[in-house]
Amino acid sequence: RLMAVVGANVDTPATGGWTPAYIAAQMGHMEVVRVLAELGASVNTPKNNGATPAYIAAQEGHLELVRALAELGAKVETPMHDGCTPAFVAAQEGHVEVVRLLAELGANVETPTNHGFTPAYIAAHQGHAKVIRLLASLKPALVTTASNQGWTPLVISVHQGHLEATKTLLLLGAPVTIRDLKRYTNARGDARQLRADLQAWSADALTQHRTFHDTFLHGCSAHEGIALAALGGVEEVRDDIGACVGVVVGAELRRLRAV
């Protein structure tokens with residue numbers, strides 16, 4: 001405030017385009033951002049590379065500051081020159097609540113970069129399973145959306161060796177082929193070990209599914225001691241059993257993937 005009183009320009013950028021509002025947003029100084037906006041500073045002026053205060057706040061995970069910037073009129077979708085949006089960088093850094101907030105504020109969580117990388121793709125690249133699940137709940141198609149090079153979130157997750165992210169994508173319905181689990185010479189992760197881990201995980205899940213299903217059918221009894229297995233051929237009963245099994249198995253799988 002004092003600098004503005006003595007005539008300082010609250011919007012003057014430094015070399016590279018950093019404005020006072022940008023630096024305050026980067027450091028998470030919400031009150032400074034509010035004061036700058038009150039004094040007439042723009043909350044939308046980007047750096048030379050196109051990054052805005054909202055972008056850097058999302059990158060740093062400053063949830064309430066992103067909200068405050070939006071209230072002050074900041075645009076929450078403006079991309080950098082390479083196409084990276086605030087939602088993209090929040091997904092990249094694993095800031096799941098920032099991604100959720102941006103979606104609530106109207107940001108498009110599907111917008112790809114200039115190379116075709118979506119927020120879901122970069123979340124898979126970084127191994128952020130929680131972000132993947134959130135994005136899939138908002139836009140299911142993101143699970144299978146490929147980059148300009150044809151790589152899907154599943155392919156890049158395997159390439160990077162991220163077990164939890166790979167499990168999450170499979171549970172979300174990402175189609176898998178031998179190409180998706182292929183070992184690449186420049187891969188950061190061990191695809192062979194990842195395949196072994198996935199096989200062990202899926203075998204365990206299947207065993208627990210079967211155990212529960214058999215217990216439900218044969219370990220319970222209906223009126224007058226009639227085993228539920230005897231009612232397995234009755235369509236209505238079978239549907240009810242299927243619904244119950246689905247709920248329990250779904251809960252078990254969520255436990256297995258450590259939600």
Side-chain angles (χ1 to χ4, degrees), residues 9-30 32-33 36-37 40-128 131-132 134-135 138-139 141-142 144-153 155-157 159-160 186 188:
N9 187 331
V10 295
D11 254 342
T12 301
T15 302
W18 293 281
T19 63
Y22 182 95
I23 294 298
Q26 182 176 23
M27 302 305 294
H29 299 319
M30 187 184 305
V32 175
V33 171
L36 287 167
S42 171
V43 292
N44 284 307
T45 302
K47 281 175 53 182
N48 293 351
N49 64 0
T52 63
Y55 180 95
I56 193 62
Q59 176 181 300
E60 299 301 314
H62 300 316
L63 179 67
E64 294 307 318
L65 183 49
V66 172
R67 192 190 310 276
L69 283 165
E71 293 171 353
L72 293 169
K75 298 176 181 177
V76 296
E77 277 196 292
T78 303
M80 290 177 53
H81 297 327
D82 61 3
C84 295
T85 63
F88 179 92
V89 75
Q92 175 178 286
E93 299 301 317
H95 301 314
V96 63
E97 293 306 320
V98 175
V99 176
R100 190 190 311 277
L101 174 61
L102 288 167
E104 291 173 356
L105 293 172
N108 186 343
V109 296
E110 295 179 281
T111 303
T113 67
N114 297 347
H115 294 291
F117 302 143
T118 65
Y121 181 95
I122 195 63
H125 183 283
Q126 299 298 100
H128 299 312
V131 176
I132 293 170
L134 171 62
L135 289 168
L138 297 171
K139 298 290 182 180
L142 283 172
T144 57
T145 301
S147 68
N148 293 352
Q149 291 75 34
W151 281 40
T152 63
V155 172
I156 194 62
S157 180
H159 186 272
Q160 296 297 105
N186 63 338
R188 293 187 180 182

Does atom CE (M27) have a neighbourhood of more than 12 heavy atoms from anything else shown, all under 6.0 Å?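 At most 12 heavy atoms, drawn from other residues, nucleotides or ligands, come within 6.0 Å of this atom.
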Among residues at least two apart in sequence or on other chains, which ones pass side-chain hydrogen bond (donor to acceptor under 3.5 Å, both in side chains) with T145?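 Expected list: none.
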Residues which pass side-chain hydrogen bond (donor to acceptor under 3.5 Å, both in side chains) with T144, listed by chain and number, not counting sequence neighbours: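 side-chain hydrogen bond (donor to acceptor under 3.5 Å, both in side chains) check on T144 returns nothing, list empty.
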Can you tell me which residue pairs pass the salt bridge (Lys or Arg N to Asp or Glu O under 4.0 Å) test with a partner in [range], sequence neighbours excluded?
{"range": "residues 110-123", "answer": "E110-K139"}
{"range": "residues 42-54", "answer": "none"}
{"range": "residues 84-99", "answer": "E97-R100"}

Quick check against the 3.5 Å criterion: does H115 have a side-chain atom that pairs as donor or acceptor with the backbone of S147? no
For the pair H125 (side chain) and Q160 (backbone), establish whether a donor and an acceptor sit closer than 3.5 Å, ignoring hydrogens and angles. no
side-chain contact (heavy atoms from CB on, under 4.5 Å) between L72 and V33, worked out: CA-CA 9 Å; L72 293 169; V33 171; 4.0 Å; yes
I need the L69 CG to I56 CD1 distance, nearest 0.5 Å.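 The CG atom of L69 sits 11.5 Å away from the CD1 atom of I56.
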In Å, rounded to the nearest 0.5 Å, how long is the span from CD of E77 to CZ of F88?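 That separation rounds to 15.0 Å.
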Applying ring-ring contact (aromatic ring centres under 6.0 Å, His included), name anything that partners Y55, two or more places apart in sequence or on another chain.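 Residues passing ring-ring contact (aromatic ring centres under 6.0 Å, His included) with Y55: none at all.
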H81: what forms a ring-ring contact (aromatic ring centres under 6.0 Å, His included) with it, not counting sequence neighbours? none
Looking at residues at least two apart in the chain, or sitting in another chain, which of them share a salt bridge (charged side-chain N to carboxylate O under 4.0 Å, His left out) with K75?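 In terms of salt bridge (charged side-chain N to carboxylate O under 4.0 Å, His left out), with neighbours along the sequence ignored, K75 is linked to no residue.
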Once salt bridge (charged side-chain N to carboxylate O under 4.0 Å, His left out) is applied, do any residues pair with E104, and if so which ones, sequence neighbours excluded?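 Listed in chain order: nothing, the list is empty.
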How far apart are the closest heavy atoms of [X] and [Y], and which atoms are they?
{"X": "P119", "Y": "T111", "result": "CD-O, 3.5 Å"}
{"X": "V32", "Y": "A24", "result": "CG1-CB, 3.7 Å"}
{"X": "S42", "Y": "A21", "result": "O-CB, 3.7 Å"}
{"X": "T78", "Y": "P86", "result": "O-CD, 3.4 Å"}
{"X": "L65", "Y": "A25", "result": "CD2-O, 3.3 Å"}
{"X": "I156", "Y": "A124", "result": "CG2-CB, 3.9 Å"}

Run the side-chain contact (heavy atoms from CB on, under 4.5 Å) check on T52 and T45 step by step: do they pass? CA-CA 6 Å; T52 63; T45 302; over 6 Å; no
Residues in side-chain contact (heavy atoms from CB on, under 4.5 Å) with [X], at least two apart?
{"X": "D82", "result": "M80, C84, N114"}
{"X": "A146", "result": "T152"}
{"X": "A120", "result": "T118, L135, L142"}

Which of these, V76, V96, V66, sits in a side-chain contact (heavy atoms from CB on, under 4.5 Å) with L101?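 That would be V66; it is the only one of V76, V96, V66 passing the side-chain contact (heavy atoms from CB on, under 4.5 Å) with L101.
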If you define the side chain from C-beta out and look only at heavy atoms, does anything of V99 sit under 4.5 Å from H95?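 Side chain of V99 against side chain of H95, heavy atoms only: no contact under 4.5 Å found.
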